[in-house]
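Here's the structure, in structure tokens; my notes come after.
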Amino acid sequence: VQLQASGGGLVQTGGSLRLSCAASGSPFGRYAMGWFRQAPGKEREFVAAISWSGDVLYYSDSVKGRFTISRDNAKNTVFLQMNDLKPEDTAVYYCAAAARANTGPSGLNDFWGQGTLVTVSS
């Protein structure tokens, strides 16, 4: 399974960005997917996750209420809508997938994509 993330860029404080992560490879089954991020000099941290069916969602406290994760299974793609961005959201964002339909953050580590950089200016 290959994961391709896109949608990062430079945005001002309070702005919005939408990240996408397209999965490819055979077979791509009922996989939970999600996002992590890593800021300069910091460890990678969990951001959000979504079950294969889309009805179970997980968010970190730092993004709850501002970020929304969703998916389109017909396109094997997961999205992260990021609103009200803050400078502390600046990081490289990575998408991840788990070879199971539902898992919490700790289990979302079977497949990783390359990162996409999000920079929020103050």
Hey, does the side chain of [X] reach the backbone of [Y] with a donor-acceptor pair shorter than 3.5 angstrom?
{"X": "Thr13", "Y": "Ser121", "result": "yes"}
{"X": "Ser53", "Y": "Ser51", "result": "no"}
{"X": "Gln114", "Y": "Ala5", "result": "yes"}
{"X": "Asp72", "Y": "Thr77", "result": "no"}

Inset, instruction - I would like to know whether Thr68 and Leu80 meet side chain to side chain contact (heavy atoms under 4.5 Å, CB included); could you show each step before the answer? - result: CA-CA 6 Å; Thr68 302; Leu80 186 68; over 6 Å; no
Inset, instruction - Hey, could you give me the NZ/OG distance between Lys86 and Ser122, rounded to the nearest 0.5 Å? - result: 14.0 Å
Legend entry - Euclidean distance, Arg71 CZ relative to Ile69 CD1, rounded to 0.5 Å: 8.0 Å
Inset, instruction - List the steps, then state whether side chain to side chain contact (heavy atoms under 4.5 Å, CB included) holds for Arg18 with Phe79. - result: CA-CA 7 Å; Arg18 189 192 196 204; Phe79 305 98; 3.6 Å; yes
Legend entry - Worked check of side chain to side chain contact (heavy atoms under 4.5 Å, CB included) between Thr119 and Val11: CA-CA 6 Å; Thr119 303; Val11 64; over 6 Å; no
Legend entry - Residues that Asp61 engages under side chain to side chain donor-acceptor pair (under 3.5 Å), provided they are two or more places apart: Lys64
Legend entry - Counterpart residues, side chain to side chain donor-acceptor pair (under 3.5 Å), relative to Asn83 (two or more places apart):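 Expected list: Ser16, Gln81.
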[X] versus [Y], closest heavy-atom pair with distance:
{"X": "Trp35", "Y": "Leu19", "answer": "CH2-CB, 3.7 Å"}
{"X": "Ala32", "Y": "Ala101", "answer": "CB-O, 3.7 Å"}
{"X": "Leu3", "Y": "Ala23", "answer": "CD2-CB, 3.6 Å"}
{"X": "Ser62", "Y": "Arg37", "answer": "OG-NH2, 3.4 Å"}

Legend entry - Over 12 non-hydrogen atoms of neighbours within 6.0 angstrom of CD in Glu88: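 Yes.
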Legend entry - Connected-component partners of Val92 among ILVMFWY, side-chain separation under 4.5 Å: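 ILVMFWY cluster around Val92 also holds Phe36, Phe46, Val56, Tyr58, Tyr94, Leu108, Trp112, Leu117.
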Inset, instruction - State whether a side-chain donor-acceptor pair under 3.5 Å links Arg100 with Asn102. - result: no
So, do [X] and [Y] sit near enough that their side-chain heavy atoms are less than 4.5 Å apart?
{"X": "Leu85", "Y": "Phe67", "answer": "yes"}
{"X": "Met33", "Y": "Cys21", "answer": "yes"}
{"X": "Thr90", "Y": "Val118", "answer": "no"}
{"X": "Thr116", "Y": "Ser6", "answer": "no"}

Inset, instruction - Check the pair Tyr31 / Val1 against side chain to side chain contact (heavy atoms under 4.5 Å, CB included), numbers first and verdict last. - result: CA-CA 10 Å; Tyr31 290 174; Val1 173; 3.6 Å; yes
